[in-house]
Amino acid sequence: MTDGTVETRQDGVGRNMQQKPRNPGALMRMAEPLLWSLASLALFVGAWEFAWWRGWANPLLLPPPHIFLANLPDQFRFFDPSGARAGALGEGGSIWSVLGVIGWTALRVTTGLILGFVLSLATGLAIRYFRIFGKLSLPLVTMLAPISPVAWIPVAVFVFGIGNPPAIFLVFIAIYFVMTLATLSLIDNVPRNYIQLAQIMGCSKRQIYRHVILPAILPALFVTLRMNLFGAWMVVLIAEAVGVGSGLGQVTMMARNTFNASLVFFTMTLIGITGFLFDQALRLIQRKVLWWVGPGNAGGL
Amino acid sequence: MLGLSIKNVSKIWNADGLNPVPAVSNLTLDVAPGEFVVLLGPSGCGKSSLLYIVAGLEKATSGSASFDGIEITEPSPDRGLIFQEASLYPWLSVRDNVTFGLKIAGHTPVKRAEAAERLLKLVGLANSGDKRPHELSGGMRQRAALARALAMRPRVLLMDEPFAALDIQTRARMQQHLLDIWESSKASILLVTHSIDEALALADRIVVFTSRPGRIKAEITLDMPRPRDLRSPEMIDFARRCEALLAEEVEKAFKEQELA
Ligand SMILES: Nc1ncnc2c1ncn2[C@@H]1O[C@H](COP(=O)(O)OP(=O)(O)OP(=O)(O)O)[C@@H](O)[C@H]1O
Ligand SMILES: [Mg+2]
């Protein structure tokens, strides 16, 4: 570091939390990722607009951003904030209604993610902790893992009907089995040293799980969660489009049915931005709460 | 009998597998209370295996190890182990690492804070209690690991090449440090090393191992006071003897590998 900020940094692990940017150099470094994100987006939008300008992209089917973002209130009216139904009716029409719809979708994703994270962690720990339980359930988990969440849609609707529960259930299913298997592999890769030390310090099996294995695997497990985040987003949109009857997925589906290309792309924009923000939020949590690095975790993530 | 007693211990890794690896063969060794014994031997000769058996982390294939006359069957805070890499828990502060064992033993936070202060001062880390392990240098980490082991007031310290990853200067300081701590704690120490100089600087008794499977090739007793001048004629003489003993075994190990 050449600009005088004191940084204790080791292979991307040691992020110092108390550090405040103290000079323009530090500010620049913080703003840099944002600038790159904007540049990346601008490149894409530019190419699209260019294609429209040259007449390659049919504005009815592939309306460029300046068209589908032109008349926002016109788009807004398709969003019903109550979360019950999306449609051209209802009390939609303001930015709040849009945020409301996004909020409902985000809530479903978040609930599913939390449930999936906690329960897969618990299952993974239990499989390794209780031998017989593990032997009985591991084959089942491995068999269920490859089934696409889409195949679970009918099950979700049979069991939970219409509304939030089936969507949450599908998000949950999308990450639960994968994350359970990830938990197992992380447990198996906890450095032997860590466990042997705990044994020497007099830890019981339960204490080893609680004080050593759990903190050792949490960071890497959280990275796995982040990697599965987008999968969860895709599933919630499908669930909303097919069965739930509200949310961003439903708006997209309705736009498709009414050949409203502008609305399709507007909704896709919203989905992209929200997904991006979700990822950023998870990164932030990871950095603040789970700053240490677990086994099998690449430092760059 | 007081102290550590290793009787006819053999260790065969993978004993019922396709290629069993005999690591320790019929080894007998006693360590008296307060004695500093250094195990010196070529790489792969089974020194770590022996240490793990004494720690109670691995079972001997035959023979037995006992401590104060009681057979060793499982790990115990009485027998502290220090690994080559410090392996502090990265999610705990240095202080919490040092007092981890006390927490498990149910000591109150107040008691733990007192112990932490005393121990960190003892190993020269008084100002580093709040740091995270990754913020420490290699030498500091090893000292923290030492403090963590000492927190349990072990009767024996088992050290597996504890200073191997350090530069020569840091190493020399750590050795001096260890000697000070050893003298005040009255624990026995069983320390594994590759370094003849380290063995000469520290040991009451050097146990030279043969190549794999490890047996005792020679024992050298050193009763000179510490700190020792390794450049004195007497010490150079000892160094030559150790070198010759080791060279033979390394030669043997290489020949074996060529044959295999
Ligand atoms: N957990 C294990 N499983 C199988 N084989 C092992 C295991 N640990 C050690 N061995 C084998 O036992 C032999 C002795 O290993 P050990 O680690 O005890 O040697 P060492 O003297 O400590 O060597 P070094 O000085 O290189 O650390 C080696 O051939 C090694 O491959
Ligand atoms: Mg070894």
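Just so we're on the same page: letters track the sequence lines, and every chain starts at 1.
For chain A, the option among B:Ala145, B:Pro90, B:Gly80 with the highest count of heavy-atom pairs below 4.5 Å is B:Pro90. Per-residue heavy-atom pair counts under 4.5 Å with chain A were compared for B:Met152, B:Arg148, B:Lys103, and the maximum is reached by B:Arg148.
Only the side chain of A:Arg192 has a heavy atom closer than 4.5 Å to any heavy atom of chain B. Contact of B:Leu102 with chain A is not made at all, since no heavy-atom distance falls under 4.5 Å. When heavy atoms are compared at a cutoff of 4.5 Å, B:Ser87 approaches chain A by way of both its backbone and its side chain. Heavy atoms closer than 4.5 Å to chain B are found in the side chain of A:Gln207, but not in its backbone. With a 4.5 angstrom heavy-atom cutoff, B:Leu81 touches chain A via backbone and side-chain atoms both. For a residue to count as touching a neighbouring chain, one of its non-hydrogen atoms must lie under 4.5 Å from one of that chain's; by this rule B:Glu58 touches chain A with the side chain only.
Taking the six-membered ring for Trp and thresholds of 30 and 60 degrees, A:Phe130 and A:Phe133 have ring planes more than 60 degrees apart, a perpendicular arrangement. Note: A:Phe177 and A:Trp152 have parallel aromatic rings, judged against thresholds of 30 and 60 degrees for the angle between ring planes.
Here A:Trp233 and A:Phe276 keep their ring centres 6.0 angstrom or further from each other.
Taking each heavy atom of B:Val98 and B:Ala151 in turn, the nearest pair found is O-CB, 3.5 Å.
A donor-acceptor pair shorter than 3.5 Å cannot be found between the side chains of B:Ser66 and B:Glu71.
By the 4.0 Å N-to-carboxylate-O rule, A:Asp188 lies close enough to A:Arg128 to be salt-bridged with it.
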